[in-house]
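Note sheet for the following structure.
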Amino acid sequence: MTNTAFQSTENVLTFAQLETLQQQLKALKFPEPRQKSFLELIDLHRLESVSSKILSHFLDSQADHGLGNLPLLALMQAAGIQSRRKPATQQVHVELECKLKTNGRKGRLDLVLELTDQLIVIENKIYHIPNNPFDLYIKFCQTKRFKDIEKQTYILMGLHQPNPMPEGFVFVSHYEFGKLLRELINQHDGEQPNSHRYSAFLMDYLEGIDSMNPKKFTAQHQHVIEFVQDHLEELNQLQAQQKILSDYTKTQLVQAIGQLPE
């Protein structure tokens with residue numbers, strides 16, 4: 001049997017097209033496989049409770065993590081918060097219960113940062129729908145527990161901004177926070193990302209968060225996507241040839257088996 005079967009289809013690339021495509025394929029660089037963070041391996045990177053605990057430690061400028069107020073600065077930059085002094089936390093509250101006796105409503109504040117000159121309240125979200133009593137949070141802080149702190153900022157921290165946003169809250173993306181924090185750490189004189197034992201864990205946490213960012217995947221594979229888009233017709237022709245080759249090989253194999261002695 002001859003190989004005329006390969007020439008019987010219209011979906012045949014010329015040798016010039018094949019050579020050009022071969023050169024472009026050789027020049028194409030595929031992203032290196034990303035190593036999963038430890039939190040991904042144990043499937044904890046998607047849990048809000050884990051995220052809030054980690055954030056409460058690193059956003060505390062007084063905590064023993066070796067990064068000072070850099071995480072706090074990254075959060076404030078992402079939220080557009082200004083400070084008259086060097087930002088520093090006086091106290092950090094996690095899962096703070098809030099309730100109003102007048103109507104019996106109650107809830108829990110994920111994170112509350114008491115700074116030297118202001119208050120930052122964070123509702124932390126990963127995948128859950130933001131259906132919290134946001135108005136209660138604001139009223140509780142402004143009229144009860146923290147009524148003496150004049151400047152108060154309420155942040156909804158999540159992977160994607162909801163529509164509509166809860167009134168009185170500003171949105172901060174986990175991805176943007178991580179990006180700004182990495183930049184601040186790299187810019188900080190004498191500070192390296194792994195200079196402290198907890199810093200490595202922070203980077204692992206940020207990697208786990210980034211793994212849920214579809215835009216990061218698109219950016220890493222953009223040149224591959226563009227190549228496929230630019231050569232879609234040629235790739236379809238190659239796929240058609242692959243089918244022809246498979247059928248031809250199968251036919252040859254069946255014929256060879258049929259000629260074997262019984």
Side-chain angles (χ1 to χ4, degrees), residues 34 36-40 42-60 67 70-82 87 89 92-98 105-115 118-142 146 151-185 201-220:
R34 188 185 67 84
K36 286 186 177 182
S37 67
F38 180 73
L39 285 180
E40 287 178 84
I42 57 179
D43 201 27
L44 292 181
H45 63 301
R46 298 176 295 176
L47 298 183
E48 290 173 6
S49 58
V50 173
S51 174
S52 294
K53 287 288 187 180
I54 294 172
L55 289 173
S56 70
H57 178 68
F58 286 101
L59 289 174
D60 186 353
L67 294 173
L70 294 184
L72 180 61
L73 285 173
L75 176 70
M76 294 177 70
Q77 286 184 21
I81 301 174
Q82 302 295 325
T89 53
V92 174
H93 307 273
V94 183
E95 291 291 328
L96 180 65
E97 184 179 15
C98 63
R105 296 177 67 199
K106 61 182 180 179
R108 286 187 180 276
L109 301 171
D110 287 340
L111 290 172
V112 179
L113 313 179
E114 288 189 66
L115 276 61
Q118 59 183 296
L119 186 77
I120 299 177
V121 178
I122 303 171
E123 177 59 34
N124 184 30
K125 292 294 181 187
I126 301 295
Y127 282 125
H128 290 88
I129 298 173
N131 54 2
N132 305 68
F134 294 102
D135 59 325
L136 169 65
Y137 297 161
I138 295 176
K139 190 170 183 179
F140 172 79
C141 292
Q142 291 182 348
F146 306 105
K151 185 176 181 180
Q152 300 186 5
T153 303
Y154 299 87
I155 295 174
L156 175 57
M157 197 170 183
L159 301 181
H160 309 287
Q161 182 170 342
N163 186 18
M165 276 286 294
E167 186 176 353
F169 279 72
V170 296
F171 179 75
V172 169
S173 163
H174 281 286
Y175 310 132
E176 180 66 13
F177 167 72
K179 176 176 173 289
L180 290 172
L181 179 53
R182 286 188 180 96
E183 291 176 355
L184 287 175
I185 291 175
F201 189 81
L202 172 64
M203 294 302 151
D204 187 271
Y205 165 73
L206 295 178
E207 282 295 320
I209 291 293
D210 277 348
S211 71
M212 296 180 281
N213 187 356
K215 292 184 178 179
K216 183 175 182 180
F217 172 85
T218 302
Q220 290 177 335

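Qualifying salt bridge (Lys or Arg N to Asp or Glu O under 4.0 Å) partners for Glu97, counting only residues two or more places apart in sequence or in other chains: none. For Tyr205, the ring pair (Phe, Tyr, Trp, His ring centres under 6.0 Å) test picks out no residue, with sequence neighbours left out. The salt bridge (Lys or Arg N to Asp or Glu O under 4.0 Å) search around Arg108 returns none, not counting sequence neighbours.
At a threshold of 4.5 Å between non-hydrogen side-chain atoms, the residues Lys106 and Cys98 do not count as touching. Here the side chains of Ile120 and Leu115 are in contact, with some heavy-atom distance below 4.5 Å. At least one side-chain heavy atom of Ile54 sits under 4.5 Å from a side-chain heavy atom of Leu39. No side-chain heavy atom of Ile126 sits under 4.5 Å from any side-chain heavy atom of Leu47. You'll find the side chain of Leu111 stays beyond 4.5 Å of the side chain of Ile155, heavy atoms only. Residues Lys125 and Leu156 are in side-chain contact: their nearest non-hydrogen atoms beyond the backbone lie under 4.5 Å apart. Taking the side chain as every heavy atom from C-beta outward, Ser56 and Asp60 never approach each other to under 4.5 Å. Residues Met203 and Ile185 meet the side-chain proximity criterion, which asks for heavy atoms closer than 4.5 Å.
Taking a cutoff of 4.0 Å between a charged side-chain nitrogen and a carboxylate oxygen, Lys36 and Asp204 do not qualify as a salt bridge.
Nearest heavy atom pair, residue Leu184 against residue Ala74, reads CD1-N, 3.6 Å. Closest non-hydrogen pair, Leu136 versus Gly107, comes out as CD2-N, 3.7 Å. The shortest heavy-atom contact between Ala78 and Glu176 is CB-CG, 4.3 Å. Minimum interatomic distance between His45 and Gly208 (heavy atoms only, all atoms of both residues): CD2-O, 3.4 Å. Across Gly168 and Tyr154, no two heavy atoms sit closer than the pair O-CB, 3.6 Å.
Residues His93 and Glu114 have side chains that bring a donor and an acceptor to within less than 3.5 angstrom of each other.
Remark: the backbone N or O of Ile209 is not paired with any side-chain donor or acceptor of Glu40 at under 3.5 angstrom. Side-chain atoms of Tyr175 come within 3.5 Å of backbone atoms of Met212 as a donor-acceptor pair (strictly under, hydrogens ignored). Within the 3.5 Å criterion, the main-chain N or O of Gln82 finds a donor-acceptor partner in the side chain of Gln118. Side chain of Asn124 to main chain of Asp110: no donor-acceptor pair is present (N/O by atom type, distance under 3.5 Å, no hydrogens or angles). Checked by atom type and distance alone, the side chain of Ser52 pairs as donor or acceptor with a backbone atom of Glu48 at under 3.5 Å.
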Check against side chain to side chain contact (heavy atoms under 4.5 Å, CB included), Val112 and Val92: CA-CA 6 Å; Val112 179; Val92 174; over 6 Å; no
Side chain to side chain contact (heavy atoms under 4.5 Å, CB included) between Gln77 and Phe177, worked out: CA-CA 8 Å; Gln77 286 184 21; Phe177 167 72; over 6 Å; no
Working note: Lys179 + Leu206, criterion side chain to side chain contact (heavy atoms under 4.5 Å, CB included); need CA distance, chi angles, decisive distance, verdict. CA-CA 9 Å; Lys179 176 176 173 289; Leu206 295 178; over 6 Å; no
Evaluation steps, side chain to side chain contact (heavy atoms under 4.5 Å, CB included), between Arg105 and Asp135: CA-CA 11 Å; Arg105 296 177 67 199; Asp135 59 325; 3.0 Å; yes
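Within the model, atoms CG of Leu59 and CG of Leu181 stand 9.0 Å from one another, a figure rounded to the nearest 0.5 Å. Between the CG atom in Leu119 and the NZ atom in Lys151 there is a gap of 11.5 Å [rounded to 0.5 Å]. Residue Leu109 holds its CG atom at 5.0 Å from SG of Cys141, rounded to the nearest 0.5 Å. Taking CG of Leu55 as the start and CG of Leu72 as the end, the distance is 11.5 Å to the nearest 0.5 Å. Going from atom CG of Leu180 over to atom CG of Leu75 covers 9.5 Å, rounded to the nearest 0.5 Å.
For Phe169 and Phe134, the ring centers sit closer than 6.0 Å to each other.
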